[in-house]
Structures are given as structure tokens and as C-alpha cells.
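Below is one structure, written out as C-alpha cells, with a few remarks after it.
One-based numbering along the sequence shown. Hydrogens, waters and symmetry mates are skipped; everything else that's a heavy atom, side chains included, is used.
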Amino acid sequence: MSNMGGKSIKSKKTAAYDESSIQHLDGLEHIRRRPGMYIGSLGDGSNENDGIYILLKEGIDNAVDEFSQGFGKEILIEIKDTRVKIRDYGRGIPLGKLEDCVSKTNTGAKYNNAVFKQVIGMNGVGIKATNALSSYFRAASVRDGECAVVEYERGKKINSKTGPAKKGSKNGTYLEFIADETLFGKYSYNMDMVEKRLWNYVYLNPGLKIICNGKEFFSEKGLTDLLQNEMEGKPLYPITDFTTKFEDNQFEFVFTHTSELEKVIYSFVNGQATTDGGTHVNSFLDGFTKGINEFYKKNYDAKDVCGGLSVAIKLSIDEPMFTSQTKNKLGNVEIRTPIIKNTMLSVDDWLRHNPSDAAALEEKIVRNQKAHAEINGVKKEAREAAKKISLKIPKLKDCRYHIQDGASGANSMIFVTEGDSATGSMVGSRDVKTQAIFSLRGKPENMYGRKQKDIYKNAELYNLMMALGIQEDISGLRYSKIVIATDADNDGFHIRNLVLTFFLLFFEELVTSGRVFILETPLFRVRNKTRTVYCYDEANRDKQLKLLGTGAEVTRFKGLGEISPGEFGQFIHERKPGESEDKGMHLTPVGIRTLKNVPNLLNFYMGKNTPERRDFIVHHLSADIDA
């Protein structure tokens, strides 16, 4: 104990720091100890970026890479409960190197551009992460009548053998794995998310057939099929496609415009969806805008040129540099100039050969100019009004770190709550570093059928936009996650739908980029003298009542305000590995299967067809509603 300035301070005892403190972990051990470095978050399968989908992706990527090199036109996938099986008909991993390829990091053929060109996996880690993070992992390779098999449990080899393959077995690779529940906790595969990924694989690889759980995925026209199937609104001119080459790289894009004001971009690099864009996307948009301005000899703003643009972009490149292991954003700067140049030339050629389409596009650009000018005028009025009210955003209890703060704000989130009672429960239990709260006064205005300028005249929605940082542009978003936290009753569901309608109509990209979530809170608390369990449905409530015995009592939570801050804390923090299912935050991501479904969906549920909607609800009270 030491004494400084009259105060005694206890010294904290630490272990000796000497040669014995230094540890060495082999590749698979390191992956298990630090999984976040390799696959991002672990998760329970409710988010498309959860680790189980990364493990699945790594196995499929290798099979797709075989197809891209001209070997094997079919991939078979089976996902049953937590067990995944993947079989391709490519060349098969060289038998003598099978064990190295699935267990030794920095080992693989993807480093050799003479053997694998412009592939998805190129860091020599992917399938090793799947092995390390699985409770059971099996890999087999068939080459010319011979077969090699190796098996692992939690990264430790338990079996290996080589010998003749079964008669009639085709060349290729087989993978089987079960993601380790001791690391991931209880999880499940959302097949809608899986199928979305599989469609992307076949859109990017025309002619490839994938069969998953008996369902076939196939595309003949590639990116054109993608845009046609996903596009919202009617195209103003036929979908147009271009393929250009520079050095050993290939750049392909298909595009059209709709009557909408916002642009929609699907971008990929070597078969990897780059949901956060990157150099190839920014370069294309610059080239597209410059090409149009040079053709018309005008100086249109990029926002007006690209307003309503629907485009799918695919880049094939030998040495892609992504900004993270999950490969969501491309960083290669050397491709900027050639992509801009090739895009400009392609757009100019299209405009010259399609005068009627060129006229339709210019009319669209002029309409965009007028719409943006109108919105900017209302924005200015709203900004001035906001300054007069207060420098502080009403109803916002902010957090310390945001997306713009880098790693510190990577897990930042804002809870959009229903009234002050729910906010009161959360304020005392939130993490003030990364969790903000915005409280709605009640039911916000239904914005269906309104114009974008109208949202700037609505004080509450404008305050919500300011809280999110998107009042000027969606690029100003301050939080990684937007979590809608309303009561589990009719009023709460209605408020949830009103907020989602607002996002889908005017800030669609928040939803399509996976930023919006629903907070699931427990409906019941079941407890006896020694144990308390929180249940999210009636089935689990009944199960826990039996387990806790006749002395157990049940409390039904009708609203978030009924849950004390002490209890609420465990429902807005991440569940730790190994914790029971009733612990931790339960988030349901808001996703869209296809954008073209959105207008009809919003029109039915939020439009003025009240009798039809009432009749539907009466006859479908227990049915799932799926967008």
C-alpha cells in the first residue's frame, strides 16, 4: 500500500512478466481464441453478417472459385439444423495437401495467379476458420479415382485416411461442418438470408447451378437477371449492359433509371458482395456522371444524374484489397482512373446509339433537379427552425461514440422508443458509450403517399433525422445499428410499422444495407424462490413453468416501461458465449427479399384501402406476413 497526497492506494497484484509469459498459438488455436479477427461478430444467425454465414460462405466460395476457373458446373448444398454439407465437382484439392489446405493458415493455391485468377478467397485463411470454429469438420477430396479424407473436432485432428474412391465418384471436394455452439451459443440458419447469397452467386456466375436443400438456383443473363428481379419501379429505358477490360481486369455493369429519386447499387468484386461499396463504386458513379455531362455538354450535379439509377456492378481483379476480413469494401486506388475512363466511353457510346433513351434520361435528370431544389428549399427552412428551437436535439439521449469514431463506434446503436416510460427503463441500464436513445412522443405521422419535402416540415421526423445524422444525406449516419424498440402490443406494432414506412419510403438504403433492427423483449418472467427465467413466447413460458415447479409464478410484461432498469440492462447488451438463451439482447434484422415488393406492400398496409386491409387481417390473424 502506498500513500500519495494523504490518500492510501492499494496496489493491484499482477503475475510476473517474464519469458514464461510469452505464448505461441498455432493458426487454428489463434482463430478459436480470437474469432472476431477472422469472421467479425459471432452472432446467433439473426443477422446476415453473423459468423455462421461467414463459415458457410467460405466453403461455398471455394466451390464457386472452381467454377470460375472452368471446372464443375454444379454445387450441391444441404443445410439441416446446424449441419452443413457442400459438394462441388471441380478439380478436387490435391490429395497430399488436403490436410494443409484445411488446417494450416497461409497455405493454399489461391496465392498462385497461374492456377487461380480473380478468385474470391485469396488470403489462405477462410476454410481454416470454418475448421477451427466448428465442433465437427470433415473434408474430402476426389481426384481421378483416389480419395483423401480428414476430420477435426474444434480444430484438433481426429482422423485421416487415403485410398480408392467409391466407384463412379466424380472429381471434386466435399465439406461438412457444424459451427461450435460453445463459441456461437444457440444459433440457427435463416434460409431467406442463405438463399439471397445463393442467388448472388448464380447472378455473378451465369451457367452455374446451385442446388440447396433440393431448391435450384440458376441464371442465364447474370447481372441483368439480378437487376430485373430486384429492381423497384418501372425502368425508364431497357436495362443496358457493358463489359470493359483494362490490363488483366474486367469491369461489367448493367443499369437503367426508374422514376424514384434515390439510387440503388448492387456491387461485387470477384463474386464478393461489397455492401459498403468502395473504389469501384465511386469510380463508376464519377465516370457515369462525367460521361453524361460531356455528351449533353452540361454540368448536371451527380445527385441529379444518378437519382433513380438502378445499377449492378461486377469487378474481376487479380489482387483485390479489401478494408476488412469480411470484404465489404474495396480499397484498390489504381483502378480508379481506368474505371472512370471506361465508364465514360461506354455511356457515351450508349447515348449516341440510343437517342430516344438519351432523351428520356435527360428528362429524368431535369425532373430530379426540380425535386432536389424543392427539397433543399424545405431543408433550409427546417434548419432555420431547428436553430431557433434549440441547439440540442429534443428527445435524444446520445452516446459518446459514433460510426465516425472508428473502432470505438463500430457497435454504436440508437434505440427508437415509444414514449418516455420505455425510455426511462433504458436510460439507467444502457451503455452510455455506444447506446443512444431517441424517444417518440407517440405514433408518428404516416408518411405513405407524402413527398420527401414533407418530412422536413414534420418536427418529430426531422428531429429523428437529425438524431440519426441523415437530414442532409444518408452518408452522415451516426450509428451502426438503428433499433426500433416498441411495446409488444397493437399500438407498439403500429408505431413500428410507421417508422419502417418512413425508412422504406425515404431512406431505403438504411434497410437494404442491414442497419435497421427490431428489439425483441421478453413477454414473460417466470420465477421461483431460487431462479428467474425470461421467456419470449408462450411455448417457452409453459416449458419453464414445468421446469421450475408448482411454486413458480408468471409475470406478463405489457410494455417496456414495466421492465425495471435493473432487469432491462440484460436485454440491451450482447449475450456472452455460453450464456442461456433468455439472456442478452435479441435483435431481429429488418430485411427485404426483393425491392420490387416494397411499393405494393406499403400500399396495402399503409395506404387508404382500409376495408380490404381489415378483411385481410380478420382472415389472417395467425398468418406470417412476408415481404
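- Residue Tyr53 comes nearest to Ser188 through the heavy atom pair OH-O, 3.8 Å, listed as atom of the first residue, atom of the second, then distance.
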Legend entry - Worked check of side-chain contact (heavy atoms from CB on, under 4.5 Å) between Val499 and Val516: CA-CA 10 Å; Val499 175; Val516 182; over 6 Å; no

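- Under the 4.5 Å side-chain criterion, counting only non-hydrogen atoms from C-beta, His280 is in contact with Ser267.
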Inset, instruction - Under the side-chain contact (heavy atoms from CB on, under 4.5 Å) rule, what do Ile77 and Leu198 come out as? Steps first, then yes or no, please. - result: CA-CA 10 Å; Ile77 302 170; Leu198 298 183; 3.9 Å; yes

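- The two residues Lys329 and Gly278 have their closest heavy-atom pair at CG-CA, 3.8 Å.
- Side-chain atoms of Asn200 and Lys196 form no donor-acceptor pair, as typed in the model, at a separation below 3.5 Å.
- Nearest heavy-atom pair across Thr434 and Ser408 is CG2-O, 3.9 Å.
- With hydrogens and angles ignored, the 3.5 Å screen pairs no side-chain donor or acceptor of Asn540 with any backbone N or O of Cys535.
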Inset, instruction - Carefully, step by step, assess Asp286 and Arg336 under the rule salt bridge (charged side-chain N to carboxylate O under 4.0 Å, His left out). - result: CA-CA 9 Å; Asp286 286 348; Arg336 176 170 171 75; 2.7 Å; yes

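- Taking CG of Asp405 as the start and OG of Ser412 as the end, the distance is 8.0 Å to the nearest 0.5 Å.
- The line from CZ of Phe493 to CD1 of Ile518 is 9.5 Å long, rounded to the nearest 0.5 Å.
- Shown here is Lys364, whose NZ atom has more than 12 heavy atoms of other residues, nucleotides or ligands within 6.0 Å.
- Within the 3.5 Å criterion, the main-chain N or O of Gln435 finds a donor-acceptor partner in the side chain of Arg430.
- Considering every non-hydrogen atom in both Leu461 and Pro444, the closest pair reads CD2-CB, 4.2 Å.
- Proximity of Thr82 to Phe184: side-chain heavy atoms (C-beta onward) are nowhere separated by under 4.5 Å.
- Listed by chain and residue number, Asp44 satisfy the side chain to side chain donor-acceptor pair (under 3.5 Å) test with Ser46 (two or more places apart in sequence, or in another chain).
- Residues Tyr201 and Asp61 have side chains that bring a donor and an acceptor to within less than 3.5 angstrom of each other.
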Legend entry - Steps toward side-chain contact (heavy atoms from CB on, under 4.5 Å) verdict (Met413, Met585): CA-CA 12 Å; Met413 62 183 69; Met585 182 162 49; 3.7 Å; yes

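- Taking the side-chain contact (heavy atoms from CB on, under 4.5 Å) definition, one finds that Phe242 meets it with Thr240, Phe253, Phe255, Ser346, Asp349, Trp350, sequence neighbours left out.
- Counting heavy atoms from C-beta outward, Leu236 and Leu361 have side chains that stay 4.5 Å or more apart.
- Considering only residues two or more places apart in sequence or on other chains, Asn411 meets the side-chain contact (heavy atoms from CB on, under 4.5 Å) condition with none of them.
- Every residue two or more places apart in sequence or in another chain that forms a side-chain contact (heavy atoms from CB on, under 4.5 Å) with Ser439 is listed here: Lys395, Thr417, Asp420, Thr423.
- Across all non-hydrogen atoms, the minimal contact from Ile52 to Ala179 is CG2-CB, 4.1 Å.
- The two atoms that bring Thr256 and Pro235 nearest to each other are OG1-CB, 3.5 Å, heavy atoms only.
- Contact annotation: the side chain of Val366 approaches that of Tyr300 to within less than 4.5 Å [non-hydrogen atoms, C-beta and beyond].
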Distance-only check: which donor-acceptor pairs under 3.5 Å involve side-chain atoms of residues 301-309, not counting sequence neighbours?
from: Asp301; atom 1: OD1; to: Lys303; atom 2: N; distance (Å): 2.8
from: Asp304; atom 1: OD1; to: His372; atom 2: ND1; distance (Å): 2.6

Legend entry - Stepwise side-chain hydrogen bond (donor to acceptor under 3.5 Å, both in side chains) test for Glu58 and Thr130: CA-CA 7 Å; Glu58 298 295 355; Thr130 304; over 6 Å; no

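- Side-chain atoms of Gln272 and Lys57 include a donor-acceptor pair closer than 3.5 Å.
- To the nearest 0.5 Å, atom CG of residue Leu315 and atom CZ of residue Phe284 are 13.0 Å apart.
- Legend: residues meeting side chain to side chain donor-acceptor pair (under 3.5 Å) with Arg400, ordered by chain and number and at least two apart, are absent.
- You'll find the side chain of Thr588 reaches within 4.5 Å of the side chain of Glu520, heavy atoms only.
- In the model, Asn229 has a side-chain atom that pairs as donor or acceptor with a side-chain atom of Tyr203 under 3.5 Å.
- In this structure, the separation between CD1 on Ile393 and CG on Asp398 is 7.0 Å, given to the nearest 0.5 Å.
- Every pair tested for salt bridge (Lys or Arg N to Asp or Glu O under 4.0 Å) that includes a residue from residues 305-314 fails, sequence neighbours excluded, so the list is empty.
- For the ring pair (Phe, Tyr, Trp, His ring centres under 6.0 Å) test with Trp199, the passing option among Phe217, Phe218, Tyr266 is Phe217; the others fail.
- Using a 4.5 Å cut-off on side-chain heavy atoms (C-beta onward), Ile335 and Leu330 make contact.
- In this structure the side chain of Thr258 never reaches within 4.5 angstrom of the side chain of Val264, judged on heavy atoms.
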Inset, instruction - Before giving the answer on ring pair (Phe, Tyr, Trp, His ring centres under 6.0 Å), spell out for Phe503 and Phe507 the whole-Å C-alpha distance, their side-chain angles and the decisive distance to 0.1 Å. - result: CA-CA 5 Å; Phe503 288 150; Phe507 301 101; 7.2 Å; no

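- Annotation: side chain of Leu226 is not in contact with side chain of Lys221 (no heavy-atom distance under 4.5 Å).
- For Asn282, the side-chain contact (heavy atoms from CB on, under 4.5 Å) criterion is met by no residue, not counting sequence neighbours.
- Listed by chain and number, the residues in a ring pair (Phe, Tyr, Trp, His ring centres under 6.0 Å) with Tyr479 are His402 (sequence neighbours excluded).
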Inset, instruction - In sequence, state the C-alpha distance, the side-chain angles, and the governing distance for Met465 and Phe502, and then conclude on side-chain contact (heavy atoms from CB on, under 4.5 Å). - result: CA-CA 11 Å; Met465 285 192 295; Phe502 169 62; 3.8 Å; yes

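- The CD atom of Glu509 sits 9.0 Å away from the CZ atom of Arg515 when rounded to the nearest 0.5 Å.
- Under the salt bridge (charged side-chain N to carboxylate O under 4.0 Å, His left out) criterion, Lys481 pairs with no residue at all, not counting sequence neighbours.
- Lys443 pairs by the salt bridge (charged side-chain N to carboxylate O under 4.0 Å, His left out) definition with Asp491, not counting sequence neighbours.
- The NZ atom of Lys263 sits 12.0 Å away from atom CD of Glu508, with the distance rounded to the nearest 0.5 Å.
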Inset, instruction - Show your reasoning for whether side-chain hydrogen bond (donor to acceptor under 3.5 Å, both in side chains) applies to Asp225 and Ser219. - result: CA-CA 7 Å; Asp225 285 341; Ser219 171; 2.7 Å; yes

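- Listed by chain and residue number, Lys453 satisfy the salt bridge (charged side-chain N to carboxylate O under 4.0 Å, His left out) test with Glu374 (two or more places apart in sequence, or in another chain).
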